[in-house]
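Worth saying up front: this structure is predicted, and the values here are computed from it rather than measured. Both counts, for ligands and for their atoms, begin at 1 and track the order of listing. Numbers for residues simply follow the sequence, beginning at 1.
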Amino acid sequence: MGKLVLYGLLASPPTRSCCLTLKALDLPYEFITINLMVGEHMLPEYLQKNPQHTVPLLQDDELYLWDSHAINAYLVRKYGKDDALYPSELVQRAVVDQRLHYDTSLMFTDSLRELTKRLLFLNESSVPQSKIDGVAAVYDMVENFLGENDYVAGSELTIADFSYVTSIGGLTAYLALDAAKYPAITAWWDRMKQLPYYEQANAEGAAQFEAMVKAKTYTVEP
Ligand SMILES: N[C@@H](CCC(=O)N[C@@H](CS)C(=O)NCC(=O)O)C(=O)O
């Protein structure tokens with residue numbers, strides 16, 4: 001097995017989704033911090049590895065792979081003892097893929113990344129109400145995805161849960177999750193916290209992210 005290196009930032013939700021997958025698969029890896037706050041992701045040596053300048057980035061011997069969803073799928077396919085976290089069966093995989101694309105397009109990118117970019121990277125002092133409404137719409141959708149299921153893509157834990165637990169966790173820094181309104185998300189999140197590697201892979205970085213957002217003073221504009 002090659003040496004795995006994960007370049008990332010603990011506060012970054014997609015980085016932590018990869019930490020969760022690595023831990024779930026019990027894979028040893030080196031973690032190299034790329035501090036976005038001081039622009040380390042824009043340095044030529046990083047751009048050479050990932051021209052899209054995002055974290056996380058996985059190095060597996062000569063392969064450099066970015067995008068957390070692609071990384072997580074790759075890790076399960078290459079190193080998983082079975083395909084449980086990213087099922088090979090056509091329909092099950094299609095549902096997992098749909099959940100992942102929802103994270104890439106809407107939940108993380110359009111909601112969480114956009115809000116965070118405005119406040120932490122562009123240093124803006126307000127966010128539009130429409131963006132906070134967008135967070136509520138994401139909660140509605142994930143509550144719907146979960147339905148009666150234990151996990152976001154059905155009855156079994158998959159890599160989609162790792163993306164969702166980090167993205168939803170980040171969104172709660174902007175809009176608290178109302179347990180009465182979102183009982184399925186609340187129960188699922190509690191279930192995720194029971195995973196033996198959850199604390200180590202997600203808790204510290206999630207607290208760091210929340211502290212960064214909460215340290216900002218901002219208004220919500222109509
Ligand atoms: N779809 C990507 C998104 C990654 C992403 O946007 N990461 C943020 C940090 S949480 C980042 O690297 N921002 C810096 C930039 O895009 O220049 C993934 O899932 O890995």
Could you walk me through whether Lys131 and Glu114 pass the salt bridge (charged side-chain N to carboxylate O under 4.0 Å, His left out) test, one step at a time? CA-CA 8 Å; Lys131 281 281 151 206; Glu114 189 58 30; 5.5 Å; no

Using a strict cut-off of under 4.0 Å between a residue heavy atom and any atom of ligand 1, list the qualifying protein residues by chain and number. Ser12, Pro14, Leu36, His41, His53, Thr54, Val55, Pro56, Asp67, Ser68, His69, Phe108, Arg113

Aromatic plane relationship, Tyr64 with Tyr7 - under 30° parallel, 30 to 60° tilted, over 60° perpendicular: tilted

Trace of the salt bridge (charged side-chain N to carboxylate O under 4.0 Å, His left out) decision for Glu89 with Arg93: CA-CA 6 Å; Glu89 194 278 322; Arg93 167 142 327 166; over 6 Å; no

Using a 3.5 Å distance criterion without hydrogens, assess whether the side chain of Glu40 forms a donor-acceptor pair with backbone atoms of Asn35. yes

Salt-bridge test for Arg191 and Asp150: reply yes if a basic N is under 4.0 Å from a carboxylate O, no otherwise. yes

Do the ring planes of Tyr164 and Trp188 sit parallel (below 30°), tilted (30 to 60°) or perpendicular (above 60°)? perpendicular

